[in-house]
Asks: 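Let me give you the structure first, and then I'll get to my questions.
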Amino acid sequence: MGAIQLGSLTLQIDLFIMLAALVLAGGVMLLRLRLEGIKLRAYTDWMLTILLVVILNEKLGYLWDAPSILWQQPKALLFLQGTSWNGNVLMLIGLVAWTVYYARKQQTSLNVVADLTAHGALFAAAVYGFIYAYAGMTPEGYTPFPLPPTLAAVLPPVESIWCVLLLAGLWLRRSNLGTGADARWTLIVSGVLGMLISFTSVQAKTTLGLSTIQWVFIGLLLLGYWMMKMEEQPVMEDKSAAEST
C-alpha cells in the first residue's frame with residue numbers, strides 16, 4: 001500500500017491500519033471489562049503500554065537485525081519501517097514477562113488478562129484483514145478464499161472470517177472473564193484452524209518439515225493444552241480428596 005509523508009517522516013499505510021485495528025480491539029476489550037463490572041484503570045494502562053510497544057516494534061523493529069543504522073545512517077530512521085524475526089520474538093518475551101510483573105504489582109488477575117488478550121487478538125486480526133479487503137487487497141500472511149482473483153480480493157481473508165466467528169462464539173458463551181476459558185478456546189481453535197489453512201499452500205522454507213507459521217500454531221495448541229490441564233488439576237485434586245474421605 002502507499003505511504004504518508006509528514007515532512008521528512010515517511011509512514012506506511014499498513015502501520016496506520018495496524019494502529020486502527022489495535023485501537024478498535026482495545027475498545028472491545030474495555031467494553032467487555034465494563035460489561036463484567038471490572039475497574040478499567042489498571043487494564044487501560046496495560047493496554048496502552050502494549051499498544052505503544054507494538055507500534056514502536058512495527059516502525060523500528062528492523063534495528064534488531066541492523067543496529068548499525070543508528071550511527072551510520074540515522075536519517076534513514078525517518079524513512080524505513082519494518083520488523084524482524086528476532087525483534088518480534090524478543091518483543092513477545094518481553095511483553096509476557098512485563099505483563100506478569102504488572103499483574104502482580106497491580107494485583108490484577110492473569111486469567112482476566114489472558115481472556116482479554118484472546119478477545120483483543122481475534123478482533124484486531126479480523127479488522128486488519130477487513131480493512132485490507134475494503135482496499136481490494138489481501139494482507140501478507142493471510143489466506144484469500146480459493147476464488148477468482150477479482151472476487152477473492154474484495155472478500156475478507158479466511159483468517160478474518162474465522163476470527164469473527166470465533167469471537168462471536170466466545171461472546172455468545174458468556175463465560176465470565178477470569179476463568180481462562182476464552183483464552184483456552186482461542187488458542188486451541190486458532191491452532192487447529194491455522195494448521196489446516198497452512199496446508200492449503202506450499203511452504204517455501206521449513207524446519208523439520210514444518211514452516212515457521214506452522215510451528216507457531218503448534219505452540220498455540222500446546223499452550224492451550226497446558227492451560228486446559230492446569231484448569232483440570234484443581235478439579236482432580238478435589239475429586240481425589242473427596243474419594244479419600
Asks: Honestly curious: do Val112 and Trp98 fall in one hydrophobic cluster under the side-chain, below-4.5 Å linking rule?
Replies: yes

Asks: Rounded to the nearest 0.5 Å, what separation is found between the CD1 atom of Ile131 and the CE atom of Met18?
Replies: 11.0 Å

Asks: Test side chain to side chain contact (heavy atoms under 4.5 Å, CB included) on Leu122 and Val28; report intermediate values, then the result.
Replies: CA-CA 10 Å; Leu122 290 173; Val28 169; over 6 Å; no

Asks: Can you list the residues that meet the side-chain hydrogen bond (donor to acceptor under 3.5 Å, both in side chains) rule with Trp226, with sequence neighbours excluded?
Replies: none

Asks: Would you please name every residue forming a side-chain hydrogen bond (donor to acceptor under 3.5 Å, both in side chains) with Thr179, sequence neighbours left out?
Replies: Ser175

Asks: Can you run down the side chain to side chain donor-acceptor pair (under 3.5 Å) pairs that involve residues 103-121, sequence neighbours left out, and say none if there aren't any?
Replies: Arg32-His119, His119-Trp171, His119-Asp182

Asks: When you group the ILVMFWY residues by side-chain heavy-atom contacts below 4.5 Å and let the links chain together, are Ile55 and Val23 in the same group?
Replies: yes

Asks: Does CZ in Arg174 sit with more than 12 non-hydrogen atoms of other residues, nucleotides or ligands closer than 6.0 Å?
Replies: no

Asks: State, to 0.1 Å, how close Pro139 and Tyr132 come at their nearest heavy-atom pair, and which atoms those are.
Replies: CD-CB, 3.5 Å

Asks: My understanding is that only residues two or more places apart in sequence, or in another chain, count here; which of them pass salt bridge (charged side-chain N to carboxylate O under 4.0 Å, His left out) with Arg184?
Replies: Glu231

Asks: Taking side chain as C-beta onward, heavy atoms only, is Met91 less than 4.5 Å from Leu56?
Replies: no

Asks: Going by side-chain hydrogen bond (donor to acceptor under 3.5 Å, both in side chains), name the residues that satisfy it together with Trp185, two or more places apart in sequence or in a different chain.
Replies: none

Asks: For Asp45, what residues pass the side-chain hydrogen bond (donor to acceptor under 3.5 Å, both in side chains) criterion, not counting sequence neighbours?
Replies: Arg41

Asks: Once rounded to the nearest 0.5 Å, what's the spacing between atom CG of Leu170 and atom CZ of Arg173?
Replies: 7.0 Å

Asks: Of all the heavy-atom pairs spanning Leu220 and Gly191, show the shortest one and how long it is.
Replies: CB-CA, 4.3 Å

Asks: For the rings on Phe130 and Tyr134, is their centre-to-centre separation under 6.0 Å?
Replies: no

Asks: Just how far is it from atom CG of Leu177 to atom CD1 of Ile38, taken to the nearest 0.5 Å?
Replies: 5.0 Å

Asks: Write down the atom of Trp162, the atom of Ser190, and the distance for their closest heavy-atom approach.
Replies: CZ3-OG, 3.4 Å

Asks: Measure the shortest side-chain to side-chain distance between Leu19 and Leu51 over non-hydrogen atoms and say whether it is less than 4.5 angstrom.
Replies: yes

Asks: Quick check on the hydrophobic clustering: are Phe217 and Leu222 connected, directly or via other members, by side-chain heavy-atom contacts under 4.5 Å?
Replies: yes

Asks: Using 0.5 Å steps for rounding, measure from the OG1 atom of Thr44 to the NZ atom of Lys39.
Replies: 13.0 Å

Asks: For Tyr142 and Tyr128, indicate whether the former's side chain and the latter's backbone hold a donor-acceptor pair under 3.5 Å.
Replies: no

Asks: Evaluate the side-chain proximity of Leu30 to Met47: yes if any heavy-atom separation is below 4.5 Å, no if none is.
Replies: yes

Asks: If we ignore hydrogens and angles and just use 3.5 Å, is the side chain of Glu159 paired with the main-chain N or O of Ala125 as donor and acceptor?
Replies: no

Asks: Taking C-beta and beyond as the side chain, do Tyr225 and Leu187 meet within less than 4.5 Å on heavy atoms?
Replies: no

Asks: Hey, are the side chains of Ser160 and Cys163 touching, using non-hydrogen atoms and a 4.5 Å cut-off?
Replies: no

Asks: Examine Leu40 and Ile50 and state if one hydrophobic cluster contains both, with Ile, Leu, Val, Met, Phe, Trp and Tyr joined whenever side-chain heavy atoms are less than 4.5 Å apart.
Replies: yes

Asks: Within the 4.5 Å heavy-atom criterion, are Val113 and Tyr43 side-chain neighbours or not?
Replies: yes

Asks: Picking from Val53, Leu90, Asn57, Val100, what satisfies side-chain contact (heavy atoms from CB on, under 4.5 Å) with Leu95?
Replies: Val53

Asks: Give a yes or no on whether Leu92 and Leu116 share a hydrophobic cluster (residues Ile, Leu, Val, Met, Phe, Trp, Tyr; joining criterion: side-chain heavy atoms under 4.5 Å apart).
Replies: no

Asks: Tell me the closest heavy-atom pair linking Gly180 and Met227, and the distance in Å.
Replies: O-CE, 4.1 Å

Asks: How close do Ala114 and Ala183 get, heavy atom to heavy atom, and via which atoms?
Replies: O-CB, 3.7 Å

